[in-house]
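Just so it is clear, the values below take in all heavy atoms, side chains as well, and ignore hydrogens, waters and symmetry mates. When a ligand or atom number is given, it counts from 1 through the structure's own listing order.
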Amino acid sequence: MIRLLTTAAMLALILGANAETVVDGTAIADETQGKNWLSYGRTYSEQRYSPLTEITAANVGKLGLDWFLEFPDFRSLNASPLVVDGVMYFTGSWSALVAVDLRTRKVLWTYDPKVLEIAGDRARIFWDTNRGSAYWKGKLFVATGDGRLIAVDAKTGTEVWSAQTTDPKLPLYINGAPRAFKDKVLIGNGGTEVGSARGYVTAYDTETGKQAWRFYVVPGNPADGFEEPAMEMAAKTWTGEWWKHGGGGQTWNGLTYDPEFNRFYIGTGNGSPWNRRIRSPDGGDNLFLCSVVALDADTGKYVWHYQTTPGETWDYNSNMDIVLADLTIEGKPVKALMHAPKNGFFYVIDRATGKLISAEKIGKVTWASHVDLATGRPVEIPGSRYEDGEETVYPSAFGVHNWPPMSYNKDTGLVYIPTMEMAGWFSDKGIDAVEWHATDFQMDTAVRFTKGDDLPEKVDASWLLAWDPVKQQKAWEVKLPGVWNPGTLTTAGNLVLQGRTDGKFVAYDAKTGDSLWIFDTGLGISSPPITYEVDGKQFVSLLVGWGGAGTSFGGAFTAQHGWAYREHPRRLLTFALDSKVALPPSPPPRIPQPVFKEDFKVDALLAEQGNDLYIRNCTLCHGGSAISGGYAPDLRESQAPLFMEAFHEIVISGSRQLQGMPQFKELTDKDLVAIQHYLRRQAAAATKAAAE
Ligand code: CA
């Protein structure tokens, strides 16, 4: 027995199975190894393509659950895990980092950055969600809701250093994954909708946490001087006193490092506020909003930019993933980048020069007719800027494609994108362009995009789209349930894998789109799957935990699935061929049941005031039109708002702050009464609609 073990151990040593991977730039750039998943999008290219071929389209029917872990403390799971030498690292709720031994299937350690104890008012403006971490030479890097970037020892889970990347007084947050490169780590932030905000990305030294460089996305006040020539150039595309509103451009996702050109491509955010008439009153493109900006990775200096939505005014940010690939276009090899921002176009750009190669619509788009390849600019459809005060355009502020990452398979030549179709209603009637100003830590975009009284409806308007980036045309598509479907994984085994809003995890033939395998996880899925090897065997892992923007302020369109607040287990599931572990059943889906109080007489005026207060303070988590998509309790069925004392305790005194319900100490009891009337109005309308 001893001899046998020794032989096995020696064999493992010879085969290199026990050799520790040095996670550096060479390792992260290596597309050929499939054992590890070393960065957010697997490798620097962000292709989410695995070369592993044990699990294929021919045998995926035999895929089964191998093991699972439950995480009752977590509310939502959105992350792409990392895998390094048989250990998985993933981020859970409130930026917690978890290490799991993939051999013992046990949690090795958990690092809790105590976000809710530190965040204060900032807890109002971010969800508990976090999309992932970065790994570099034995350290992990996680960014927190309250704006810290933290280095953690990968072996022990202890903190090595912590850097505050945002001013704690400002309404900025982080839910994105950092990227590690050349002994540095890059992170951006979010916050465009909740106060005056100016976007930037910052690189830190991986050893010390010292700032290496920072790039601002939009210019500040010219009177203070420009940080670099690119800001002076950008300032020429702004009008009025934009700096008073911050300008926006938050880079909360869409960070891609390119080792071939030693550059970062950053996907930048929309304007703060959304409404250009107020942000930049005499027009202008407003650089570098809604752009892909190439930066020198050593200095953070501007190299080139391509703006997808000049002068944006609909929240059509370009924060979606940027995928690098070598394509052959018209017989010529092109170092390309591919990008599908919210605005509904799919862009192929020559990343050497930043020149646009092609752009086509991948869904319903009515704000622009097409992109003019000669100028590189979209041709807008008159009226779509709600010039007359009100307009309905496609897409909505959720976009045709949002942050759930796409994947690219070099064997099929296709990109696999989760897409949506929703109309966006925009109205700035009655908003005074001179008087308007942002209130920090409150949602206000200087344009109304919800009426606040919509009732639940079933919406199935999403697809898994397989797109040919060279021909710029659809190869195939599969209709999906709901709208807020997660990111994709593709493999050399001719597979595409994707979770769904209805809790199903599905494998498709990457060439044809044929559905080959389906597994019911018992809860809506918001994370992309990953694949890797342990001791030479291929596994697929998926975090199951309903979360993110769709589930929080999405309201009616996510409530339809019945993933009521915290009623279903949050899990890490791992699959392998021929495994047959049974998953304990989850409670069935449950649609929140608003309580109708006959004795409560709704005052129409108070309810209208409450509607406004709700949109500013509550909608981000409790859902549009007071309909919870499952991220936070549905306030139409909750008992707490019915009793003033309890309502005051929770909202104004902040008694549940450490459970994730922030304190709103500037609200008055009169405000709470108004919100109460609004909630009762919404509850009565829902119960009436249900009875009809
Ligand atoms: Ca935005």
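Results of the ring pair (Phe, Tyr, Trp, His ring centres under 6.0 Å) test with Phe288 over Tyr216, Tyr302, Trp238 single out Tyr302 as the only residue that passes.
For Thr501 (side chain) and Val483 (main-chain N/O), no donor-acceptor pair under 3.5 Å exists by modelled atom type. A side-chain donor-acceptor contact under 3.5 Å links Glu312 to the backbone of Asp315.
At a threshold of 3.0 Å, the Ca ion (ligand 1) has no backbone or side-chain N, O or S atom of Thr192 nearer than that distance.
Between Asp285 and Arg377, at least one side-chain N (NZ, or NE/NH1/NH2) sits under 4.0 Å from a carboxylate O, which counts as a salt bridge.
Counting just the N/O/S atoms of Glu193, the one with the shortest distance to the Ca ion (ligand 1) is named OE2. Note on Asp315: its N/O/S atom closest to the Ca ion (ligand 1) is OD1.
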